Amino acid sequence: ETGVTQTPRHLVMGMTNKKSLKCEQHLGHNAMYWYKQSAKKPLELMFVYNFKEQTENNSVPSRFSPECPNSSHLFLHLHTLQPEDSALYLCASSQDNGQGYNEQFFGPGTRLTVL
Amino acid sequence: GDSVTQMEGPVTLSEEAFLTINCTYTATGYPSLFWYVQYPGEGLQLLLKATKADDKGSNKGFEATYRKETTSFHLEKGSVQVSDSAVYFCALIRVGDSWGKLQFGAGTQVVVTP
C-alpha cells in the first residue's frame, strides 16, 4: 500500500469533454507531483506543488490545469484534450525533512484515453 | 544538467538467473539515488535508495551500491523470479533541489521466463 490514491483508475473522454483527475496522499507529506507516462517516452514531470504553491510547469499546455486545495489533495483538470494526451497520469508525494527531500511515493495512476 | 542513463531493454532472462541493470548519472554534487519498479498496470514503487557515497540499498533481494568514483548505481539480484518481470527506473534527486524533483532514466524492461 503506497498511501497515495488516485481516482479514477481509468478514464475515456472525448476531445470536447471536461474531466478531473484526483489524487490524495495519506502520508502527511508537504509536496505533490503530477507526471505523464506515455508509451516509449520517459516519465515527464508536469507540475510540482509545495505548501500549496505551484512551483513547476514544464511547458505543459493550458488544457491541463492543476489545483492543490490543501497538502493532501491534488487535482488535474482536463479540457479540450487531444488524442496524443492519452497516457498514464501518475501522482506522487514526498516530504521535505529540512535537509532536502525524501523519496517520492507514487499512486497507481489514471489511464486516460482521449478519443 | 542532471541526467540518468540506463541500459536499454528489454532484458530477457530465465528464472534463477543473475540480473544486472546498469545505471550511471550526471549531477552536481552528491545526489540521492533511487531505483523504482513498475509492475504491469501499476504505478511506480520505490525499490531501494542510497543517499551518500558507498551506501548500499537493498530490498526484496535487490541491491545497488552508490559508487561516486564511477557515478553509478547498478541494480543487481542474484536469482530472479517470474514475478520480477517489470520495468525498472533509476532516478536521482539533486542536492539542494528546492522541490525534490526526481530525474528519471528511461526505464529498463525485464522479462523473466520460467
Side-chain angles (χ1 to χ4, degrees), chain A residues 1-7 9-10 21 23-25 27 29-58 68 87-111, chain B residues 1-10 23 25 27-52 55 57-59 62 64 66 73 86-109:
Chain A
E1 182 177 352
T2 65
V4 180
T5 58
Q6 290 186 243
T7 54
R9 292 293 309 274
H10 300 272
L21 309 185
C23 175
E24 183 173 2
Q25 58 98 357
L27 302 169
H29 289 167
N30 57 14
M32 297 185 76
Y33 309 79
W34 279 118
Y35 290 87
K36 177 183 178 182
Q37 187 177 34
S38 305
K40 302 191 185 300
K41 292 181 67 175
L43 274 156
E44 302 173 53
L45 176 64
M46 300 176 71
F47 300 104
V48 180
Y49 271 87
N50 186 336
F51 301 103
K52 297 190 293 184
E53 298 179 26
Q54 180 182 344
T55 57
E56 182 82 7
N57 179 339
N58 285 333
C68 189
L88 182 68
Y89 289 84
L90 293 164
C91 174
S93 70
S94 69
Q95 179 68 26
D96 177 6
N97 62 12
Q99 298 178 340
Y101 280 83
N102 294 331
E103 61 273 18
Q104 292 181 20
F105 291 85
F106 284 80
T110 295
R111 174 66 64 185
Chain B
D2 301 337
S3 66
V4 176
T5 302
Q6 288 181 237
M7 59 189 291
E8 290 189 19
C23 171
Y25 67 89
T28 303
Y30 304 115
S32 295
L33 302 174
F34 307 88
W35 276 102
Y36 282 84
V37 59
Q38 185 175 31
Y39 298 102
E42 298 184 12
L44 276 68
Q45 299 177 25
L46 178 67
L47 184 58
L48 52 84
K49 68 177 183 179
T51 57
K52 60 183 187 295
D55 269 1
S58 60
N59 186 26
F62 290 90
Y66 191 142
F73 193 53
V87 180
Y88 293 80
F89 294 91
C90 186
L92 67 82
I93 294 177
R94 181 172 54 85
V95 173
D97 186 284
S98 300
W99 313 111
K101 290 182 288 185
L102 275 168
Q103 179 72 47
F104 283 97
T108 302
Q109 184 179 10

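Basis for what follows: all heavy atoms, side chains included, without hydrogens, waters or symmetry-related copies. Convention: sequence-line order gives letters A, B, ...; per-chain numbering from 1. Given the structure is predicted, the values throughout are model-derived calculations rather than measurements.
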Residue part contacting chain B, namely of A:R9, when any heavy atom lies under 4.5 Å: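 Contact with chain B: side chain only.
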Portion of A:Q37 that has a non-hydrogen atom of chain B nearer than 4.5 angstrom: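 The side chain, not the backbone.
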Heavy-atom proximity to chain A below 4.5 Å, by part of B:L46: side chain
Contacting region of B:Q38 [heavy-atom separation from chain A under 4.5 Å]: side chain
Pairs of heavy atoms under 4.5 Å with chain A: top-ranked of B:A106, B:A91, B:G43: B:G43
For chain A, the option from B:E42, B:Q103, B:K49 that forms the most heavy-atom pairs under 4.5 Å: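 Going by pairs under 4.5 Å, I would pick B:K49.
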Test item: B:L102 and A:Y33 side chains (from C-beta on) under 4.5 Å apart, heavy atoms: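 A side-chain contact is absent here, since even the closest heavy-atom pair is not under 4.5 Å.
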A:Q104 side chain near B:F34 side chain, heavy-atom distance below 4.5 Å: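 Sidechains of B:F34 and A:Q104: no contact.
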Minimum heavy-atom distance between A:N102 and B:I93, given as atom pair plus value: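 For A:N102 versus B:I93, the nearest heavy atoms are O-CD1, 3.6 Å.
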Rounded distance (nearest 0.5 Å) linking atom OG1 of B:T51 with atom CD of A:E103: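 Between B:T51 OG1 and A:E103 CD, I get 9.5 Å after rounding to 0.5 Å.
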Interatomic distance, B:Y36 atom OH to A:F106 atom CZ [nearest 0.5 angstrom]: 5.5 Å
Residue list, ring pair (Phe, Tyr, Trp, His ring centres under 6.0 Å) with B:F62, at least two apart or on another chain: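 By the ring pair (Phe, Tyr, Trp, His ring centres under 6.0 Å) rule, B:F62 matches B:Y88.
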Any residue meeting side-chain hydrogen bond (donor to acceptor under 3.5 Å, both in side chains) with A:E24, in chain and number order, not counting sequence neighbours: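 Once residues adjacent in sequence are excluded, the partners of A:E24 under the side-chain hydrogen bond (donor to acceptor under 3.5 Å, both in side chains) criterion are A:H73.
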